[in-house]
Amino acid sequence: MARVYATASQYEAYTGISPAPADIAVRLRRASQFLDREVFRYCVYAKDGDGLPTDALVAQAFADAACAQAEWGIDVGDTTGAAGVGWGRVEVGDVRLERSLTATSGADAPGRQVAPAVWDPLQAPDLTPDRLLIGVVTS
């Protein structure tokens, strides 16, 4: 079962947007899965049997990070990377846009990047190394 680190009410509190978008539960689930893969797997923290943080400060930081990632996806309008797939060159009248043909997977799309605001709660001064270590590679 996929871990989900934030709720709709946490999203509303984080963003100040109320009500949250109708699909926020799906967005938070996807943001949580994305952060599990891109960030949290490289972190060391106390967790329960489901892999969720047991420390309240770490849990709040993960919730805020998930909210930041979901908000980023809404802001850039593309969480799947689909908007960045499939074109190397586009011409409309006198305007021509080009990019490398290797950039067609969507992985380089803004919605498939870690939102800059994700790092703010994860680097809070209260998250001392005995609570959260970031950037640890283990197997």
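Atom set for the values below is all heavy atoms of this structure, side chains included, hydrogens, waters and symmetry mates excluded. What you see is a predicted model; the values in this text were computed from it and never measured.
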Show me the donor-acceptor pairs, under 3.5 Å and distance only, between side chains in residues 11-19 and residues at least two apart or in other chains.
from: Glu12; atom 1: OE2; to: Ala20; atom 2: N; distance (Å): 2.9
from: Thr15; atom 1: OG1; to: Tyr11; atom 2: O; distance (Å): 2.9
from: Thr15; atom 1: OG1; to: Ile17; atom 2: N; distance (Å): 3.1

Could you pull out all donor-acceptor pairs under 3.5 Å where a side-chain atom in residues 125-137 meets a protein atom, sequence neighbours excluded?
from: Thr128; atom 1: OG1; to: Asp130; atom 2: OD1; distance (Å): 2.3
from: Arg131; atom 1: NH1; to: Asp55; atom 2: OD1; distance (Å): 3.0
from: Arg131; atom 1: NH1; to: Asp55; atom 2: OD2; distance (Å): 3.0

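Clustering ILVMFWY residues whenever any of their side-chain heavy atoms sit less than 4.5 angstrom apart, transitively, puts Val26 in a cluster other than the one holding Leu35.
The minimum heavy-atom distance between Ala66 and Leu28, with the atom names listed, is O-CD2, 3.9 Å. Shortest non-hydrogen contact noted between Cys67 and Ala6 is SG-CB, 3.7 Å. The two residues Pro21 and Ile74 have their closest heavy-atom pair at CG-CD1, 3.8 Å. The heavy-atom pair separating Ala68 from Ala115 by the smallest distance is O-CB, 3.9 Å. Across all non-hydrogen atoms, the minimal contact from Arg27 to Ala70 is O-CB, 4.2 Å.
Side-chain atoms of Asp48 come within 3.5 Å of backbone atoms of Asp50 as a donor-acceptor pair (strictly under, hydrogens ignored). With hydrogens and angles ignored, the 3.5 Å screen pairs no side-chain donor or acceptor of Gln60 with any backbone N or O of Leu57.
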- Message: Assess the residue pair Phe34 and Val114 against the criterion (side-chain contact (heavy atoms from CB on, under 4.5 Å)); give the C-alpha distance rounded to whole Å, side-chain angles, the decisive distance to 0.1 Å, and a yes or no.
- Response: CA-CA 8 Å; Phe34 178 78; Val114 176; 3.9 Å; yes
- Message: Assess the residue pair Glu38 and Gln113 against the criterion (side-chain contact (heavy atoms from CB on, under 4.5 Å)); give the C-alpha distance rounded to whole Å, side-chain angles, the decisive distance to 0.1 Å, and a yes or no.
- Response: CA-CA 9 Å; Glu38 299 294 326; Gln113 297 171 8; over 6 Å; no
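With rounding to the nearest 0.5 Å, the separation of CD in Gln69 from CG in Asp64 is 13.5 Å. Rounded to the nearest 0.5 angstrom, Ser32 OG and Phe62 CZ are separated by 10.0 Å.
A search for salt bridge (charged side-chain N to carboxylate O under 4.0 Å, His left out) contacts involving Asp36 returns Arg3, not counting sequence neighbours.
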